[in-house]
Amino acid sequence: MTARVRLTLRLDADGKPALGHGKIHLLEKLEETGSISAAGRAMGMSYRRTWLLVDNLNQLFKEPLVITRPGGGGGAFLTPTGKTVVALYRQIESKATQAASADVSELESLLSACPQKTASE
């Protein structure tokens, strides 16, 4: 059995990491749960880490991607811009995966059945 390979994307802005599968997954979890803390818990992250990522995303774009509701029970939701960013990322990811499928399959066939973890994993 050959190793399974999955193409993931990271988009950089001005040479710095801006958006990747982790942040998109966080936005999807936030939309699903309606809560920054619940989204973070679902991904095994602290509230502080989750909040910092959301704040970073909000500052990165012209309009915020996430809005919080103040007060008891508060909650959070994706703005229309947030929903658009998630949809565009998923479209880019899908197109890239389709375009690279033959090359990924060939690379996959060259991998050993049980690849060893590298020091960076």
Side-chain angles (χ1 to χ4, degrees):
M1 182 167 141
T2 60
R4 294 292 310 152
V5 174
R6 183 177 80 112
L7 178 67
T8 59
L9 298 176
R10 183 185 84 189
L11 303 175
D12 295 347
D14 296 324
K16 297 177 184 169
L19 198 57
H21 65 278
K23 287 180 181 175
I24 291 298
H25 187 62
L26 173 61
L27 292 173
E28 291 170 335
K29 283 293 180 190
L30 195 145
E31 178 73 358
E32 179 184 311
T33 64
S35 163
I36 290 173
S37 59
R41 277 193 307 272
M43 295 183 65
M45 290 190 296
S46 70
Y47 177 79
R48 177 169 168 68
R49 174 75 176 135
T50 307
W51 176 253
L52 289 173
L53 288 170
V54 168
D55 187 52
N56 174 263
L57 286 166
N58 278 346
Q59 291 180 33
L60 184 63
F61 289 88
K62 290 180 183 179
E63 297 178 10
L65 305 188
V66 176
I67 298 275
T68 58
R69 294 183 196 108
F77 61 94
L78 293 187
T79 64
T81 301
K83 291 178 182 182
T84 298
V85 165
V86 170
L88 287 171
Y89 179 90
R90 291 300 185 199
Q91 287 173 14
I92 293 166
E93 182 181 57
S94 177
K95 289 175 183 178
T97 298
Q98 288 174 350
S101 66
D103 293 329
V104 169
S105 291
E106 186 175 346
L107 178 67
E108 191 174 65
S109 72
L110 299 172
L111 293 172
S112 65
C114 296
Q116 298 296 315
K117 287 194 172 195
T118 64
S120 65
E121 291 183 297

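Rounding to the nearest 0.5 Å gives a distance of 4.5 Å between CG of Leu26 and CE of Met45. Annotation: the span from Lys29 atom NZ to His25 atom NE2 amounts to 5.0 Å, rounded to 0.5 Å. A distance of 9.0 Å separates CG in Leu30 from OG1 in Thr50, rounded to the nearest 0.5 Å. One finds the NZ atom of Lys23 at 11.5 Å from the CE atom of Met43 (value rounded to the nearest 0.5 Å).
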Derivation and outcome, side-chain contact (heavy atoms from CB on, under 4.5 Å), residues Leu78 and Val66
CA-CA 5 Å; Leu78 293 187; Val66 176; 3.8 Å; yes
Handout entry: Chi angles and distances behind the side-chain contact (heavy atoms from CB on, under 4.5 Å) call for Thr33, Arg41
Key = CA-CA 10 Å; Thr33 64; Arg41 277 193 307 272; over 6 Å; no
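Each of Phe77 and Leu27 belongs to its own hydrophobic cluster when Ile, Leu, Val, Met, Phe, Trp and Tyr are linked at side-chain heavy-atom distances under 4.5 angstrom. Residues Leu53 and Ile67 are members of separate hydrophobic clusters, defined by side-chain heavy-atom contacts under 4.5 angstrom among Ile, Leu, Val, Met, Phe, Trp and Tyr. With hydrophobic clusters built from ILVMFWY side chains whose heavy atoms lie under 4.5 angstrom apart, Val104 shares a cluster with Leu111. Leu88 and Ile24 fall into different hydrophobic clusters, where Ile, Leu, Val, Met, Phe, Trp and Tyr residues are linked whenever their side-chain heavy atoms come under 4.5 Å apart, directly or through other members.
Residue Val54 is tested with Leu52, Leu57, Asn58 for a side chain to side chain contact (heavy atoms under 4.5 Å, CB included); the sole match is Asn58.
Taking every heavy atom of both residues into account, Glu108 and Val5 meet most closely at OE2-N, 2.7 Å. Here the shortest heavy-atom pairing between Ser37 and Ser35 reads OG-OG, 3.1 Å.
Using a distance-only test at 3.5 Å, with no hydrogens or angles considered, no donor-acceptor pair links the side chain of Ser94 to the main chain of Arg90. In this structure, Tyr89 contributes its side chain and Leu9 its backbone to a donor-acceptor pair below 3.5 Å.
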